[in-house]
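Beneath this line is the structure, given in structure tokens, with notes to follow.
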There are 2 protein chains.
Amino acid sequence: MSPVAVPLPRVPTPPVAGSQFALLADPLRLAIIEALSREQLCTCHLVDITGARQTTISNHLRLLREAGVVLAEPEGRYTWYRLAPGAFAEALRALGAVVADGPDAPRLRPACVS
Amino acid sequence: MSPVAVPLPRVPTPPVAGSQFALLADPLRLAIIEALSREQLCTCHLVDITGARQTTISNHLRLLREAGVVLAEPEGRYTWYRLAPGAFAEALRALGAVVADGPDAPRLRPACVS
DNA sequence: TGCTGACATCACATCACACTGATGCGTTGT
DNA sequence: ACAACGCATCAGTGTGATGTGATGTCAGCA
């Protein structure tokens, strides 16, 4: 590590979008998110649906909770989970800006006059 | 459980969507993708823009190429890169199905009668 | 009051991924 | 023909993330 050396912001993208994509990248987490987008569920339901172990589900739910994309509502012995309102809106916006189903992007600059 | 134990498809999501999210999850790759969504570029441009090393950029471009989301067009000494048409459309569809900015999802089943 | 069930937390092992340096290849220019 | 350049590939390394088992906590019930 250099002593000063700020981590270097690479491109004008809200960094939260990248971390939201990371949340969606794991297949088990994506299954959890999709299930929660259809109905509120508690942990044991997700264990049944996905076939993963309770500890694994709980770990992923903690990540999703800390990222603010799911909300936990303890109710007696159970804990109901649901998607937070506006969850992944940032990722959707960033992805929409990229997909751009128009014609090919132009070549704005000459080849490598660094 | 069946004795043969097939790898167990977890949820009816095209698995390609998950891997597309994985491509978007890395901040450097996201920077490359966003840059290519605005204009076609060759490797050296991406080295300039991102500040990463040429080898690193080349590695990421290979991943993006193999995933079919960017197209390479060699032209003499240079290689122009651009986003493939319809790249990340699968991810956009999957994400759109999840975001659902309506009211909260319902509780369709009782708590944990596994 | 003691047991069971739902869920969270912790420590650990494993594994995949990203970065790097060295090297090779094809093209351009002199 | 040789050098410089753009770019790809390869092998090595370190780090972070994921799954797992053990354990702890709290609520409900007999």
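Protein chains get the first letters and strands the later ones, always in sequence-line order, with residue 1 at the start of each.
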Roughly how many Å is it from [atom1] in [X] to [atom2] in [N], rounded to a whole number?
{"X": "I57(A)", "N": "dT18(D)", "atom1": "CD1", "atom2": "C1'", "value": "12 Å"}
{"X": "W80(B)", "N": "dA8(D)", "atom1": "CH2", "atom2": "P", "value": "14 Å"}
{"X": "E66(A)", "N": "dA17(D)", "atom1": "CD", "atom2": "P", "value": "12 Å"}
{"X": "R53(A)", "N": "dG21(D)", "atom1": "CZ", "atom2": "C1'", "value": "9 Å"}
{"X": "E75(B)", "N": "dT27(C)", "atom1": "CD", "atom2": "P", "value": "13 Å"}
{"X": "L23(B)", "N": "dA16(C)", "atom1": "CG", "atom2": "P", "value": "17 Å"}
{"X": "Y81(B)", "N": "dC7(D)", "atom1": "OH", "atom2": "P", "value": "8 Å"}
{"X": "Y78(A)", "N": "dG5(C)", "atom1": "OH", "atom2": "C1'", "value": "8 Å"}

(request) Treat each ILVMFWY residue as a node, draw an edge where side-chain heavy atoms are under 4.5 Å apart, and state whether L64(A) and I49(A) are in one component. (result) yes
Between [N] and [X], is there an OP1 or OP2 to side-chain N/O distance shorter than 4.0 Å?
{"X": "R77(A)", "N": "dT25(D)", "result": "no"}
{"X": "H60(A)", "N": "dA17(D)", "result": "no"}
{"X": "T43(A)", "N": "dA8(C)", "result": "yes"}
{"X": "T56(A)", "N": "dG19(D)", "result": "no"}
{"X": "R29(A)", "N": "dT18(D)", "result": "yes"}

(request) Spell out yes or no: do the side chain of Q54(A) and the base of dA6(C) have one donor N/O and one acceptor N/O closer than 3.5 Å? (result) no
(request) Ignoring hydrogens and angles, answer whether the base of dT9(D) and the side-chain atoms of N59(B) contain a donor-acceptor pair closer than 3.5 Å. (result)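 By the distance-only test, no, there is no pair.
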(request) Indicate, with a heavy-atom threshold strictly under 4.0 Å, whether L63(B) touches base, sugar-phosphate, or nothing. (result) sugar-phosphate
(message) Once you apply a heavy-atom cut-off of 4.0 Å, does T79(B) come out as touching a base, just sugar-phosphate, or nothing?
(response) sugar-phosphate
Electrostatic pair [X]-[Y], nearest N-O below 4.0 angstrom:
{"X": "E66(A)", "Y": "R62(A)", "answer": "yes"}
{"X": "E39(A)", "Y": "R109(B)", "answer": "yes"}
{"X": "E75(A)", "Y": "R107(B)", "answer": "yes"}

(message) Can you identify which nucleotide, out of dA8(D), dT20(D), dG19(D), has its nearest atom closest to the R65(B) side chain?
(response)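 Out of dA8(D), dT20(D), dG19(D), the nucleotide with an atom closest to R65(B)'s side chain is dA8(D).
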(message) Of the options dC10(C), dG6(D), dC19(C), whose atoms approach the side-chain atoms of C112(A) most closely?
(response) dG6(D)
(request) On the 0 to 90° scale, with breaks at 30° and 60°, tag the W80(B)-H45(B) ring pair as parallel, tilted or perpendicular. (result)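 Taking H45(B) first and then W80(B), their aromatic rings sit tilted (interplane angle of 30° to 60°).
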